[in-house]
Protein chains: 2
Amino acid sequence: MATTEILTAERILEVTEEVLRRHGPAKATVVDVARALGVSHGSVYRHFRTKAALREAVTKRWLDRTSAVLDDIVAQDRDPEARLRDWLAALFTAKRRKAGDDPELFATYMVLTGESGEAVGEHIDALTGQLTAIVRSGVDSGAFAAADPAVTARALFQATDRFHDPCHAREWEQPGIEGEFEAVVDLVVRGLRA
Amino acid sequence: MATTEILTAERILEVTEEVLRRHGPAKATVVDVARALGVSHGSVYRHFRTKAALREAVTKRWLDRTSAVLDDIVAQDRDPEARLRDWLAALFTAKRRKAGDDPELFATYMVLTGESGEAVGEHIDALTGQLTAIVRSGVDSGAFAAADPAVTARALFQATDRFHDPCHAREWEQPGIEGEFEAVVDLVVRGLRA
DNA sequence: CAGCTGACAGATATTGAAATCTGTCAGCTG
DNA sequence: CAGCTGACAGATTTCAATATCTGTCAGCTG
């Protein structure tokens, strides 16, 4: 609000997220963002080269908040199978909540997925990295069998695609989805045991 | 070509499939189909109540051809694990080939998936039915462990979603996809063993 | 002079009028 | 009279004119 405040990238991201939340990815313009900030749109371009870069930066911030929550589960000192199950359930819950609570931001995320933006790739790499850490700790403790933890982690991630990939978002509200999730998790966890 | 030929539903389906293949789902009209048949479009409506019904019937025919091929694998007299692996690989290959060779018909199929048309649901039910048969024979022979073969079959189907769900079609041509497929199949097959 | 503005060119989106399509049905035809 | 036709109303799509947006940059301002 204070007109004397310095225009920072962070402030632009905050306001852009709010504008996207209100207008959605199809209607939110750089001019809208500038207006909400009380500056000219040229100033926004001083901090972000293109509209796509701005959209990607907002999405990155948004995705990073999920990664941070999941990272807490990875860091816990519990048996790997419990952590794996918790992690997968937390990912499903987080994605489902985002799709339901922030439909406009979620739509932005889906646009970005379609554009195969870098932020989405990095997010997936971060998540499979977390899974790799859990798998590796299970292999170390003798609970899991996996020749290559990174490959197995990717397989786990892909086998549960239906419960975190945005292209399946519509199915997340259908009845019975919880049971289907449990069945898939049981199957892959069994496949992971030593 | 013979103008004396009787107009049957089957003949309409053949021609519609050809028209869809040429024009794609967005541009193919009922009038186009009628023109290709050499009749008025009113005659087409005599056999199919709506354009959506026609589109669905064509897709059903197209999907049934895949189901038939897979059914041969189910009926084989080999060990269940080999049949399961073959079946999953055949499904992936068939879907990938359809997406590559018949992009317009595949697009029609995706439109239908979005509309959640009945034909797609039936196709999925048919496929999980086939999987259930394989799982059940594995349970009978003592090779597999599954409390409820139908639930497990559905989990197998969903865990391999990435390799047969049309919303992932774009990823099917990327390098490394074969390895990812193998990793997921290995994981779920291990999870199924007694 | 660092940071911002606002006019501008080209690209993209919106709009509304015209064209086409879907689905119906009274009547034609063999 | 069973099966087909083609005119029709309402819905949808196309298209071109118009408006808006993106990204740049010369110059203003504090």
Side-chain angles (χ1 to χ4, degrees), chain A residues 1-59 104 107-108 110-112 114-115 117-119, chain B residues 1-59 104 107-108 110-112 114-115 117-119:
Chain A
M1 303 295 177
T3 48
T4 50
E5 214 167 290
I6 297 164
L7 183 63
T8 62
E10 180 60 21
R11 176 133 180 69
I12 293 175
L13 289 176
E14 279 168 23
V15 170
T16 305
E17 184 166 328
E18 193 51 39
V19 170
L20 276 171
R21 220 187 295 273
R22 261 194 241 290
H23 297 71
K27 314 222 31 155
T29 71
V30 176
V31 173
D32 289 332
V33 172
R35 195 174 9 249
L37 282 161
V39 300
S40 82
H41 74 282
S43 299
V44 174
Y45 280 99
R46 174 163 297 281
H47 292 84
F48 297 92
R49 247 188 305 246
T50 65
K51 184 186 184 180
L54 175 58
R55 191 167 46 202
E56 185 153 351
V58 170
T59 305
E104 301 294 13
T108 305
M110 287 183 74
V111 168
L112 217 65
E115 287 171 352
E118 214 167 295
Chain B
M1 299 298 176
T3 49
T4 50
E5 216 168 290
I6 297 163
L7 184 63
T8 63
E10 179 61 21
R11 174 131 182 71
I12 293 174
L13 289 176
E14 280 168 21
V15 170
T16 305
E17 183 167 327
E18 193 49 40
V19 170
L20 277 170
R21 220 188 293 275
R22 260 193 243 290
H23 296 71
K27 313 224 34 159
T29 72
V30 176
V31 173
D32 288 333
V33 172
R35 192 172 12 247
L37 281 161
V39 300
S40 83
H41 72 282
S43 300
V44 174
Y45 281 100
R46 173 164 296 281
H47 292 86
F48 296 93
R49 246 186 306 239
T50 65
K51 183 186 185 179
L54 176 57
R55 189 166 48 201
E56 186 154 349
V58 170
T59 306
E104 301 294 10
T108 305
M110 287 184 74
V111 167
L112 217 65
E115 286 170 354
E118 215 168 294

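Below, read A as the first sequence line, B as the second, and so on, with proteins coming before strands; counting in each chain starts at 1.
A:Ile12 has its CD1 atom 13 Å from the P atom of C:dG3, to the nearest Å. Separating the NZ atom of A:Lys27 from the P atom of D:dT22 is a distance of 13 Å, rounded to the nearest angstrom. Remark: C1' of D:dG23 and OH of A:Tyr45 are 5 Å apart, rounded to the nearest angstrom. In this structure, NZ of B:Lys51 is placed 15 Å from P of C:dT20, rounded to the nearest angstrom. Rounded to an integer number of Å, the gap from NE2 of B:His23 to C1' of D:dT14 is 16 Å. C:dT22 atom C1' lies 13 Å from atom CG of B:Asp32, rounded to whole Å. Taking atom CG of residue B:Leu7 and atom C1' of nucleotide D:dA2, one finds them 13 Å apart after rounding to whole Å. Atom CG in A:Leu37 sits roughly 17 Å away from atom C1' in C:dG6 (whole-Å rounding).
Between C:dC4, C:dG23, D:dC4, one nucleotide has an atom nearer to the side chain of A:His47 than all others, and that is C:dC4. Taking the side chain of B:Ser40 as heavy atoms from C-beta on, and the options C:dT5, D:dG6, D:dT24, the nearest nucleotide is D:dG6. Distance from the side chain of A:Arg46 is smallest to C:dG3 among D:dG23, C:dG3, C:dT22. Here the nucleotide nearest the side chain of A:Thr29, chosen from D:dG3, D:dT22, C:dC4, is D:dT22.
Panel note: side chain B:Ser43, backbone B:Val39; no donor-acceptor pair is recorded below 3.5 Å. When atom types are taken as modelled, the side chain of A:His47 and the backbone of A:Leu7 share a donor-acceptor pair closer than 3.5 angstrom. Side chain of A:Glu56 to main chain of A:Ala119: a donor-acceptor pair is present (N/O by atom type, distance under 3.5 Å, no hydrogens or angles).
The partner of C:dA19 is D:dT12, judged by Watson-Crick or G-U wobble contacts that both fall below 3.5 Å. Pairing for D:dT22 goes to C:dA9, judged as Watson-Crick or G-U wobble with the two contacts each under 3.5 Å. Pair check for D:dG30 finds C:dC1; Watson-Crick or G-U wobble, both atom distances under 3.5 Å.
Counting distance only, with no hydrogens placed and no angle test, the side-chain atoms of B:His41 and the base atoms of C:dG23 include a donor-acceptor pair under 3.5 Å.
The neighbour count for B:Glu118 CD, taken as heavy atoms of other residues, nucleotides or ligands under 6.0 Å away, does not exceed 12.
Each of A:Arg49 and A:Arg35 was assigned the nucleotide of DNA chain D with the nearest heavy atom; the assignment lying further toward the 5' end belongs to A:Arg35.
For the OP1/OP2 pair of D:dT5 and a distance below 4.0 Å, the side-chain nitrogens and oxygens of B:Ser43 include at least one atom meeting the criterion.
The shortest non-hydrogen separation linking A:Leu13 to A:Ala57 is CD2-CB, 3.6 Å.
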